[in-house]
S.K.: 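Next up is a structure, given as structure tokens.
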Amino acid sequence: MIKIIGTGRKLPMRSVLNSELAEMVDTGDEWITSRTGIKNRYVCTEENLTDLAEGAARAALENALISAQEIEMIICATIAGDFSFPSLACCVAERLGIKCPAFDINAACSGFIYGLEIAEAFISKYTNILIIGADMMSRLIDWNDRATCVLFGDGAGACVVTRGDALKYIQSNAAPDTGMLYAKSRSGNSPFSNEKPDAGFAVMQGQDVYKFAVMSVAEEINLALAELNLSAANIDHFVLHQANSRIVDGVRSRLKQPPEKFPTNIAEYANTTAATIPILLDEMIEENRIKSGDTVMMVGFGAGMTTGTCVMVWQ
Amino acid sequence: MIEQLTAILRDYKSDDALQISEATTFEELELDSLDIVQLIMNIEEETGVTVEMDKAITDIGTLVKVMEESKK
């Protein structure tokens, strides 16, 4: 069993308001805000993803009151690191100056919860595990496509887990549908390939994704509640992946719970993919909104279509 | 069908006096693309009819037609 002993986050320096995007593509602040809840996002300029992941990791280590040398495994949840290989986790290990198992996982926006489940499986062997959710969607979105470029931001969040009995439930899942939300790998220059060249930009069927998200997140939450013999009223904080405030509202209204139980920060950061949950968690802990004994349910959902659900009683 | 949709829309828009006809467009109802998905999800739950998501559904008349097709 695991518990989280420290969290951290790192965002790029450069912020981009909706009004700035409105100068680039045919959109507007009111349009973006009313449909997504997003007002701002951060995008990399001088930084790369390793910088963000390292920054979040160092902050998590500091809050956990442990040194990098005490970390025995690094799991990075990311769609795409700075390199196809080596992994982002190895890039972070190099920066931290440590030697331990280090690898990436790609479960899109559910990646952080997948990371927690993997950590749970490994915790009997490795005492302290660093889990990072980090993504740089500014590389993967078409900045000429107003439907997608307004939705994402860059960022990283991290946590250190150790042995403990905070975790009460964890379940990763995938209901395979690869056409709803994807970015193709960029083409190489193989003289033998008949594959059509692709810029590798993110493609999204927005209405289908919304429907999947609201339905499957509500379903996964209900499965977790049933397994734990709890009701939604017993959960103090529903920390959902921050893709769109309308999705959070849709899930909340299905569960008939008050808005204060569904924290959001999407207005400030937009969708930072695998990083949204650890970033939000870190903010909540920093602001003392999560207290010892609180029951926290975290739910990720994203391309795949994946979901990940976790319940912890905070320690 | 229209009566059932009226009830679902009144609930969704929190407007007990809302009136619709087959000619009513979603734009007139001030429903954006995500409202339409949410509305379709509510309809599916209330009626048990599965409605295929289609960008061509822009008014009540088309929605009714799609629902009737789905029922067959």
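First the proteins, then the strands, lettered A, B, ... as listed; each starts at 1.
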S.K.: Walk me through whether B/V37 and A/V214 qualify under side chain to side chain contact (heavy atoms under 4.5 Å, CB included).
M.R.: CA-CA 10 Å; B/V37 190; A/V214 173; over 6 Å; no
S.K.: To the nearest 0.5 Å, tell me how far A/R254 CZ sits from B/E45 CD.
M.R.: 4.0 Å
S.K.: At a 4.5 Å cut-off on heavy atoms, which part of A/R246 comes close to chain B: side chain, backbone, both, or neither?
M.R.: side chain
S.K.: Around B/E28, counting heavy atoms of other residues, nucleotides and ligands shown, do more than 12 lie under 6.0 Å from its CD?
M.R.: yes
S.K.: Please say whether more than 12 non-hydrogen atoms of neighbouring residues, nucleotides or ligands are located less than 6.0 Å from NZ in B/K13.
M.R.: yes
S.K.: Look at atom OH of A/Y169 and say whether more than 12 heavy atoms of other residues, nucleotides or ligands are closer to it than 6.0 Å.
M.R.: yes
S.K.: Of all the heavy-atom pairs spanning B/L34 and A/R35, show the shortest one and how long it is.
M.R.: CD1-O, 3.5 Å
S.K.: If only atom types and distance count, is the side chain of B/Q38 paired as donor or acceptor with the main-chain N or O of A/G250 below 3.5 Å?
M.R.: no
S.K.: Considering residues, nucleotides and ligands other than A/E260, do more than 12 of their heavy atoms fall under 6.0 Å from its CD?
M.R.: yes
